[in-house]
Amino acid sequence: MKVAVIQFPGSNCDQDAVWALRLVGLQAELVWHTEKSLEGFQAVLLPGGFSYGDYLRAGALAKFSPVMEEVRRLAERGYPVVGICNGFQVLTEAGLLPGALLANTNLHFTCKDVFLRVERTDLPFTNGYQPGQVLKIPIAHGEGRYYADAQTLERLEQNRQVVFRYVPSPSSPAEEGGGFNPNGSLNDIAGIVNERGNVLGMMPHPERAVEDALGSTDGRPFFSSLKRALGVVA
Amino acid sequence: MKYHVTLLIELKDGILDPQGRAVESILQGLQFKAQNVRVGRVLEMEVEAGSEAEASAVAHNIGKALANPVMEVFVVEAVKELV
Amino acid sequence: MKYHVTLLIELKDGILDPQGRAVESILQGLQFKAQNVRVGRVLEMEVEAGSEAEASAVAHNIGKALANPVMEVFVVEAVKELV
Amino acid sequence: MEGTLPPLLQETGIPLHEYQEIVRLLGREPGRLELYLFKVMWSEHCSYKNSRPLLKLLPKEGPAVLQGPGENAGVVEIGEGWAVAFKIESHNHPSAVEPVQGAATGVGGIIRDIVAMGARPIALLNSLRFGKLEGPEGDRTRYLVRGVVEGIAHYGNAIGIPTVGGEVYFHPDYQENPLVNAMCLGLLRVEELKKSRASLGRPVYYVGSKTGRDGIGGAAFASEELSEENESKRPSVQVGDPFMGKLTLEVTLEAIRRDLVEGVQDMGAAGLTSSLSELAHKSGLGIELNLDLVPKREAGMNPLELMLSESQERMVLVPRPGKEKELEALAAHYGLDAVPVAHTIAPPVFRVLHQGQVVAEVPTFALADCPTYTREGQEEPGLARLREADLSALPIPSDLQGILLRLLASPNLCSRAPIFERYDHQVGTNTVLVPGKGDAAILRIKGTRRGLAVKVDANPRYSKLSPRLGAMHALAEAARNVSVVGGKPLAYTDGLNCGNPETPQGYFELSETIAGLAEASAALGLPVVSGNVSLYNEGPNYRIPPTPMVGVVGLLEEVERRAELGLRKAGEFVVLIGSPEGHLGASEYLWVVHGQEAGSPPPLDLTMEAQAQAAIRNLIERGWVHTAHDVAEGGLAVALAEMCLPYGLGATLELRSHARPDALLYGEAPGRILFSVDQAHLQQAVKVLEAYGLPHSVLGQVGGDHLTLLLPKEQITWPVEALRRAWEQPLREVLP
Ligand SMILES: Nc1ncnc2c1ncn2[C@@H]1O[C@H](COP(=O)(O)OP(=O)(O)O)[C@@H](O)[C@H]1O
Ligand SMILES: [Mg+2]
């Protein structure tokens with residue numbers, strides 16, 4: 001069972017994603033964006049970074065990469081597809097996930113730990129979490145404000161497509177009142193999934209929270225969930 | 001023939017534009033009476049086309065390819081033949 | 001009276017425009033015959049002024065305040081009275 | 001040609017005696033283009049003509065040093081076949097002109113120096129100096145801070161190298177002349193070390209961005225004073241393109257990994273001129289460059305523009321015989337230009353062709369052999385008096401408690417989070433001690449148990465009042481910061497930012513700074529492996545304080561054995577290495593509370609300093625100590641407050657001394673380290689300190705949510721929350 005980690009020109013969390021996938025015992029390989037086939041891969045991960053320098057708009061130019069046709073095909077066939085940070089931006093730009101990611105309301109790149117609540121644990125990406133579990137995971141982005149029009153938002157909520165939501169730090173509820181939402185995302189959305197439940201995008205970086213040395217291991221179940229879903233025996 | 005094209009890509013009305021707000025507060029701080037500031041992108045480029053109408057159509061297609069319909073609109077602001 | 005102002009702020013000629021370069025290569029990959037792509041900012045806003053000429057002058061001063069003279073130029077693209 | 005000489009000399013600004021030297025080296029009069037090649041290569045920036053004789057004083061050798069100064073970056077071995085390459089570089093003048101792009105291209109430039117050694121960059125740091133935040137000058141300072149921080153973030157974040165540390169100072173003497181120095185650290189396998197070399201007859205490839213009219217004459221410009229008359233000489237602004245930077249980096253490193261290249265050189269200051277002439281010179285060869293082949297962004301560029309352009313994101317690669325096509329294919333894969341614009345030749349000359357004509361031909365040694373200058377220095381009159389000022393009559397303020405809040409809220413001591421939150425400090429997933437958590441950053445090395453600690457430091461107040469002692473403090477403090485997280489300092493890089501060396505004061509400050517560094521290097525056993533000199537940071541009405549930004553790199557054999565600065569466990573004991581009394585001279589307290597910059601920086605006993613650092617490393621290595629912090633600006637009270645902030649945990653501590661209470665709380669002194677240790681290891685830890693012959697005191701215990709200090713005659717208490725509020729806000733207002 002092999003996960004394809006797509007490398008766009010300007011991706012820079014590609015190696016980190018491979019490291020995290022391998023840490024939980026998954027096979028992972030880098031795939032250059034001009035590849036037209038993902039034959040032999042059972043899942044796809046679009047990593048963080050600045051594809052095409054994030055010029056014009058984060059993720060806007062990567063959607064034209066040849067590999068994206070194939071990513072779309074796998075998504076349609078129900079294979080797990082994950083977009084982290086820039087990968088999430090690419091998935092929305094490519095129309096594989098609804099909505100869009102706009103400039104943070106603070107207008108600058110923000111790198112820090114945030115807290116997320118897991119809203120669903122019946123997905124190939126979250127089966128290792130407890131419902132309502134609060135995770136400490138870092139963000140690092142300048143354009144992470146999730147936006148969708150009112151109907152889309154309502155549909156997302158009704159279908160339980162919001163998977164991760166920003167919440168206040170359990171230790172300092174003082175942030176109540178919105179300070180915990182780092183970018184102004186509507187409904188405090190940090191990550192969503194498509195209707196079918198196989199394409200997930202999230203702004204925080206679970207691959208940066210997979211070892212004690214990195215300050216949190218809360219991202220690790222994200223990858224081990226995927227491993228379980230792909231049926232790899234540990 | 002070559003045409004110079006100016007394309008504007010802007011946020012849809014109603015979508016929060018923090019950059020516009022930031023510019024607005026700077027301008028108001030400088031005593032300018034500016035309101036409802038919105039910040040978008042302008043693309044200038046040269047395109048090859050057989051006629052102005054064709055150049056317009058090309059510009060239109062480029063706008064479609066580059067703007068994100070979820071939150072943006074685009075306007076072909078100008079198409080001028082280059083000599 | 002209120003005027004709607006469109007202001008373009010663009011990089012000076014000769015200054016490297018990495019965004020324009022990246023967009024250009026994507027457009028060419030999509031078979032668009034686009035060249036010399038330059039990406040700038042467009043600002044739309046409303047200003048108070050007694051006349052169109054005055055609104056133009058205000059827009060001009062705003063351009064001066066916002067453009068970075070070391071790298072950018074600005075153009076007052078349009079000034080329209082609002083009803 | 002002869003007739004045009006006087007105006008040409010005027011135009012290039014080359015002094016007559018240097019011109020005569022050029023004529024002597026050439027055996028003829030140079031042409032205009034040739035003269036410009038000399039102008040940039042003989043600029044201070046490229047030739048170090050005022051600093052080279054002084055830099056010779058610095059110790060450069062050590063058992064671990066694989067590459068000392070002279071290449072694009074220094075390289076130090078760290079075991080298991082790994083080495084680390086690092087260097088610091090200034091981008092002061094470009095950042096003053098255009099802060100965002102100036103800082104961004106500074107970051108891009110230092111990254112390419114590291115890549116040129118064959119190392120994958122793993123960390124960035126920066127050292128920044130700005131003027132005043134208060135008063136009417138504050139607006140410009142805020143504009144610069146915002147721009148510089150944005151530029152660093154823009155480039156570092158996008159290229160995907162974590163910015164893990166740095167330092168920022170505000171001081172009125174930088175009002176007209178901010179400093180922006182960037183440091184980069186890269187990791188390489190020892191066998192992949194690359195140099196700027198080529199063998200005879202090899203094609204020399206130009207890889208990366210196309211050449212435009214960017215920063216024409218930038219290298220020469222950087223060596224001139226910024227003044228109004230200079231306005232017209234300003235080059236067109238260089239724009240950084242981290243996206244191209246990333247592609248260029250990947251192509252270069254992959255070419256090295258696949259062993260396609262024999263030599264690598266970045267194209268930095270003075271572009272083609274410097275990169276190619278140095279490559280040839282270091283190889284003992286000549287080089288022939290065909291300008292018609294250079295990839296160009298703009299039409300109609302003339303030879304002078306092409307030779308002097310400082311367009312960013314360009315590298316020079318020399319393929320191994322037979323690997324040319326593979327190199328071209330590799331670059332094409334990433335969509336980059338890779339063109340053999342030149343080839344090495346036997347006669348040691350730099351020959352430039354344009355449209356079939358030789359437009360310049362000069363001996364490579366002549367370009368490299370700029371005359372050097374040794375001058376007479378003289379200390380700024382009046383400075384000695386200021387330094388010897390008697391501070392014993394200084395009134396002792398009644399509100400000793402409030403002073404801590406003022407110090408924590410002062411621009412030089414308050415929280416840096418508003419800055420470092422804008423930098424991606426984690427990409428690469430190696431940063432195990434992130435900004436704000438420790439005195440130095442720590443990066444683990446995947447696949448090993450090792451880690452690297454790194455920090456850059458310089459105290460302008462100390463250096464202003466005593467350039468020599470200030471430089472010694474800079475090295476001692478940077479090393480101390482590395483030691484208190486558990487790293488054993490290996491070597492350092494130095495960015496020397498000074499005034500005009502052609503004035504007696506400027507030269508004095510430069511030479512004293514280097515002398516101080518040399519003395520501290522020898523005493524601490526730390527060689528310098530790379531560095532940068534930025535002179536002429538001076539104008540008609542100002543001169544910056546000498547600012548030696550010292551970047552120390554240290555090794556942790558076991559990255560798990562490390563310390564951070566926050567107190568984490570109630571009940572632990574807090575121990576101070578060194579004396580509780582500090583000095584008021586040149587202190588932050590003296591400036592913030594008494595509005596004075598006077599007195600001497602504290603004396604520095606380098607033997608004790610080395611012992612203190614060895615002792616804390618020993619305690620961390622044994623696994624007894626997990627929290628340690630050095631006592632720096634603001635003294636003991638500020639250091640203790642900083643230890644309470646990360647986890648909101650207080651402490652009750654007793655300072656036993658009969659010194660004046662302000663010196664006790666806020667005085668400064670080197671060699672002082674605070675750490676916490678649990679009861680089980682307290683006695684053993686104290687024994688270790690005794691074995692090192694170090695003065696020390698057990699101050700008290702961690703606990704509660706207040707910091708309480710018991711002085712001989714009074715007791716002062718602060719809620720940790722109040723300390724935090726004072727400390728967190730000030731820079732948020734600059735960077736909201
Ligand atoms: N202050 C210094 N201390 C030690 N080495 C220095 C210093 N300044 C410059 N060097 C060394 O001199 C060499 C030339 O520096 P520089 O011209 O800045 O290199 P580059 O052009 O690659 O940036 C480098 O090896 C550099 O590390
Ligand atoms: Mg170099």
Side-chain angles (χ1 to χ4, degrees), chain C residues 5-49 54-78, chain D residues 93-102 104-105 108 139 143-144 146-147 150-151 154-155 158-159 208-216 226 231-232 234-248 295-301 305 309-314 332 334-337:
Chain C
V5 166
T6 307
L7 196 67
L8 307 184
I9 300 185
E10 306 184 321
L11 285 176
K12 282 183 186 165
D13 281 348
I15 298 243
L16 173 69
D17 177 9
Q19 285 207 80
R21 206 195 139 271
V23 170
E24 180 171 318
S25 82
I26 290 288
L27 289 178
Q28 289 172 352
L30 295 171
Q31 314 303 331
F32 285 107
K33 288 187 188 127
Q35 285 181 315
N36 293 329
V37 180
R38 309 279 288 171
V39 180
R41 291 178 289 159
V42 50
L43 283 88
E44 311 255 4
M45 65 190 81
E46 291 161 20
V47 302
E48 298 268 358
E54 196 194 308
S56 265
V58 171
H60 202 82
N61 288 334
I62 289 178
K64 255 199 184 145
L66 295 180
N68 175 352
V70 183
M71 307 174 57
E72 294 175 327
V73 289
F74 69 90
V75 186
V76 178
E77 177 78 1
Chain D
H93 295 254
S95 303
V97 175
E98 210 310 285
V100 179
Q101 294 303 332
T105 51
D139 280 343
Y143 160 78
L144 289 170
R146 288 172 188 149
E150 183 187 331
H154 163 66
Y155 204 101
I159 198 169
S209 278
K210 295 187 197 312
T211 299
R213 289 189 177 90
D214 313 312
I216 303 280
L226 262 191
E231 194 90 29
S232 62
R234 284 186 180 173
S236 80
V237 171
Q238 310 162 25
V239 171
D241 182 356
F243 173 56
M244 281 299 278
K246 167 82 172 159
L247 300 178
T248 311
K296 300 170 194 72
R297 194 174 81 228
E298 296 173 66
M301 290 185 69
E305 290 169 329
S309 160
E310 296 195 348
S311 288
Q312 302 289 300
E313 283 80 53
R314 302 180 297 169
Y334 284 96
L336 293 190
D337 283 313

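Both backbone and side-chain heavy atoms feed into the values below; hydrogens, waters and symmetry mates do not. Just so it is clear, the model here is predicted, and its values are computed rather than measured. Order of the sequence lines fixes the chain letters, A, B, ..., with proteins taken first and strands second; residue numbering starts at 1 for each chain.
Residue D:V97 comes nearest to C:V70 through the heavy atom pair O-CG2, 3.8 Å, listed as atom of the first residue, atom of the second, then distance. Nearest heavy-atom pair, C:G14 versus D:D214, reported as atom, atom and distance to 0.1 Å: O-OD1, 3.8 Å. Closest heavy-atom contact between C:P18 and D:G240: CG-O, 3.9 Å.
Rounded to the nearest 0.5 angstrom, C:L16 CG and D:Q101 CD are separated by 8.5 Å. In this structure, CD in D:E98 is found 5.0 Å from CE in C:M71, a value given to the nearest 0.5 Å.
Of the two parts of D:Q312, neither the backbone nor the side chain holds a non-hydrogen atom closer than 4.5 Å to a non-hydrogen atom of chain C.
Residue C:D13 places its CG atom among 12 or fewer non-hydrogen atoms of other residues, nucleotides or ligands, all under 6.0 Å distant.
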C:R21 vs D:M244, side-chain contact (heavy atoms from CB on, under 4.5 Å): CA-CA, chis, key distance, verdict: CA-CA 10 Å; C:R21 206 195 139 271; D:M244 281 299 278; 3.7 Å; yes
